[in-house]
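Computation of the quantities below employed the complete heavy-atom set of this structure, encompassing side-chain atoms and omitting hydrogens, waters and symmetry-equivalent molecules. Residue numbers count from 1 along this sequence.
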Amino acid sequence: MADRPDIMLRSLFEKAVDVADPMKSLARFLPEKPAGRVVVIGAGKASARMAEAVEAEWGPCEGLVITRYGYGRPTQGIEIVEAAHPVPDAAGQAATERLLDLLKGLGGDVFVLALISGGASALLTAPAGDINLSDKQAVNQALLASGAPIGQMNVVRKHLSNVKGGQLAAAAYPAKMLSLLLSDVPGDDPAEIGSGPTVGDESTSADVKAILDQWKIEVPASVSAVLAEPTGVLSAQDTKLSEVTNTIFAAPSQSLEAAKTLAEKFGCDVELLGDALEGEARDIAVEHAQLALQRQKERGHMERPLVLLSGGELTVTRRGDGIGGPNAEYALALANALNGAAGIYAIACDTDGVDGAAEVAGAVIGPDTPAKIAGLGETMAGSLERNDAHTFFNKIGDQVVTGPTLTNVNDFRAIYISSV
């Protein structure tokens, strides 16, 4: 691998994805299948794979799971419905109504298994009050373009919904519920995964208004009307959440550790920068470029290359009309800051295989990235200005395209540093 750092970096990414596959990570968190009626529900980009893993252990089950278009899996009894992500659609709304109907009137002798992963925020669509789907879509699109961190986006989503912020679990009460969560959020807070449909939250309508004001997001009158009153979000101490247990079965830290172990097997030293990085993608990229150059200078002649690993969830403030996502934008900004620096390569990909709204996981860069774009009518700075990172990497053939990975532990970044 020493002569092909780009291939090595792709191998590290593939390892990070592989260890987070629910078929390999979920079973040990499942109890024996309870006697009596069992209902399986779920939502998220990994939820269909999670349902497949459950039935591999328990056999056919009753239930309904909502996943992203193209992320369905063959199941024995659990129905899989596909809907839109990251902006919700009518299919998601209709499926959410059916899922809630499935939970109505359940008694305390019923066991509900909830399967929640990243993407549930968009896929579970039950607008509160008089908010209609187009209103919900408009707010969601504005949040995605604003540069707001995921935690703040989720606060808004919870209070505009009849299913998030513990309301899904409340709909099943008094049935007992085990919620298995695949974390895609910095800090692995269960309340943030999929906007916490089975987890209480102490935020208020006033908090939502402050976030909307901070990011200058104008909302329809229906949203303002909902926020004028207390919403349906439940406190963590609410009795209706007393029968739910929330358990994280896979998280970004595990994927980074697996990548670290593999990099060391390839003969590299590894420095972990953290699994919960947040911030503007292009700004973090500049910081990482400076750090990479600093480490290269400090280490001088290196017998063993150094790999910097990081995870988390970066954001993009939309300035232009290009096609991009946080990982591709990070990679482009990193390449721009490094400007062909010898001996430094990098990869930045989303572990679900979708960076932003594009069917592209991310991109790789190297010392030859600036030369590859020469003569193609593009510049790194210009592409950054337009938020057009996916187009840039498509033109030079350095996109990473995986198709649906069936898991989601968020961003994966690795920087390979060798001697000049």
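Put simply, the side chain of Phe412 reaches to within 4.5 Å of the side chain of Leu256, judged on heavy atoms. No side-chain heavy atom of Ile365 sits under 4.5 Å from any side-chain heavy atom of Tyr345. Looking at heavy atoms from C-beta onward, Leu273 lies in side-chain contact with Leu291 at the 4.5 angstrom threshold. Side-chain contact between His390 and Gln399: present, with at least one pair of heavy atoms (C-beta onward) separated by less than 4.5 Å. With contacts defined as side-chain heavy-atom distances shorter than 4.5 Å, the pair Ser117/Met50 qualifies. Considering only heavy atoms from C-beta on, Phe249 stays 4.5 Å or farther from Ser183 through its side chain. Looking at heavy atoms from C-beta onward, Thr317 lies out of side-chain contact with Ser146 at the 4.5 angstrom threshold.
Aromatic ring centres of Tyr69 and His85: separated by at least 6.0 Å.
In the model, Thr391 has a side-chain atom that pairs as donor or acceptor with a side-chain atom of Asp388 under 3.5 Å. Ser222 and Asp135 share a donor-acceptor pair across their side chains, judged by distance under 3.5 Å alone.
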For Asp21 and Arg49, run salt bridge (Lys or Arg N to Asp or Glu O under 4.0 Å): C-alpha distance rounded to whole Å, both residues' side-chain angles, the deciding distance at 0.1 Å, then the answer. CA-CA 8 Å; Asp21 184 345; Arg49 183 66 157 181; 2.9 Å; yes

Check the pair Glu359 / Arg68 against salt bridge (Lys or Arg N to Asp or Glu O under 4.0 Å), numbers first and verdict last. CA-CA 12 Å; Glu359 304 297 319; Arg68 188 179 191 269; 2.9 Å; yes

Yes or no on salt bridge (Lys or Arg N to Asp or Glu O under 4.0 Å) for Lys45 and Asp184, after CA distance, side-chain angles and deciding distance? CA-CA 11 Å; Lys45 285 178 275 190; Asp184 70 327; 5.9 Å; no

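Judged purely by atom type and a 3.5 angstrom limit, Asn140 uses its side chain to pair as donor or acceptor with the backbone of Pro86. For the pair Gln167 (side chain) and Lys164 (backbone), a donor-acceptor distance under 3.5 Å is present. Under a 3.5 Å cut-off, the side chain of Ser383 and the backbone N or O of Thr379 do form a donor-acceptor pair. The backbone N or O of Gly77 sits nowhere less than 3.5 Å from a side-chain atom of Thr75 that would complete a donor-acceptor pair. Put simply, the side chain of Thr67 gets close to the backbone of Gly44: a donor and an acceptor are under 3.5 Å apart. Formation of a donor-acceptor pair under 3.5 Å by the Asp355 side chain with backbone atoms of Asn327 is found in this model. At least one donor-acceptor pair under 3.5 Å links the side chain of Arg318 to the backbone N or O of Gly322. Not one N or O on the side chain of Trp215 forms a donor-acceptor pair closer than 3.5 Å with the backbone of Ala145. Remark: side-chain polar atoms of Glu329 are not paired, donor with acceptor, to backbone N or O of Leu384 under 3.5 angstrom. The backbone N or O of Gly366 sits less than 3.5 Å from a side-chain atom of Thr369, completing a donor-acceptor pair.
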Table please: side-chain donor-acceptor pairs of residues 35-43 below 3.5 Å, with sequence neighbours left out.
unit_1 : atom_1 : unit_2 : atom_2 : d
Arg37  : NE     : Glu62  : OE1    : 3.1
Arg37  : NH2    : Glu62  : OE2    : 2.7

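Contact check on Lys240 versus Asp238 returns no salt bridge, with no Lys/Arg side-chain nitrogen under 4.0 Å from an Asp/Glu carboxylate oxygen. One finds no salt bridge joining Arg10 and Glu14 here, because no Lys/Arg side-chain nitrogen approaches an Asp/Glu carboxylate oxygen to under 4.0 Å. Remark: Lys395 engages Glu378 in a salt bridge, criterion side-chain N to carboxylate O under 4.0 Å. Ion pairing of Glu79 with Arg98 is present here, as a side-chain N (NZ or NE/NH1/NH2) and a carboxylate O approach within less than 4.0 Å. At a threshold of 4.0 Å, the pair Lys372-Asp398 counts as salt-bridged, since one of the basic side-chain nitrogens sits closer than that to a carboxylate oxygen. Note on Arg319 versus Glu280: salt bridge recorded, some NZ/NE/NH1/NH2 to OD/OE distance being below 4.0 Å.
Among all heavy-atom pairs drawn from Thr239 and Ser242, the shortest one is O-OG, 2.6 Å. Here the closest non-hydrogen pair linking Phe111 and Leu178 is CZ-CB, 3.7 Å. Contact detail for Ser205 and Thr231: the closest heavy-atom pair is OG-CG2, 3.4 Å. For Leu182 against Ala46, the heavy-atom pair with the smallest separation is CD1-CB, 3.8 Å. Minimum interatomic distance between Glu278 and Pro149 (heavy atoms only, all atoms of both residues): OE1-CB, 4.0 Å. Closest approach of Ala95 to Leu64, counting heavy atoms only: O-CD2, 3.6 Å.
With a 6.0 Å cutoff to the six-membered ring centre and a 45° limit on the axis angle, Arg413 counts as a cation-pi contact of Tyr330.
Glu385 CD: 12 or fewer foreign heavy atoms inside a 6.0 Å radius. In this structure, Asp130 places its CG atom where only 12 or fewer heavy-atom neighbours from other residues, nucleotides or ligands lie under 6.0 Å away. Atom NZ of Lys15 has 12 or fewer neighbouring heavy atoms from other residues, nucleotides or ligands inside a 6.0 Å radius. Taking a 6.0 Å sphere around CG of Leu144, one finds it holds more than 12 heavy atoms contributed by other residues, nucleotides or ligands. Within a 6.0 Å sphere centred on CD of Glu298, heavy atoms belonging to other residues, nucleotides or ligands number more than 12. Atom NZ of Lys209 sits in a crowded spot, with more than 12 heavy atoms from other residues, nucleotides or ligands closer than 6.0 Å.
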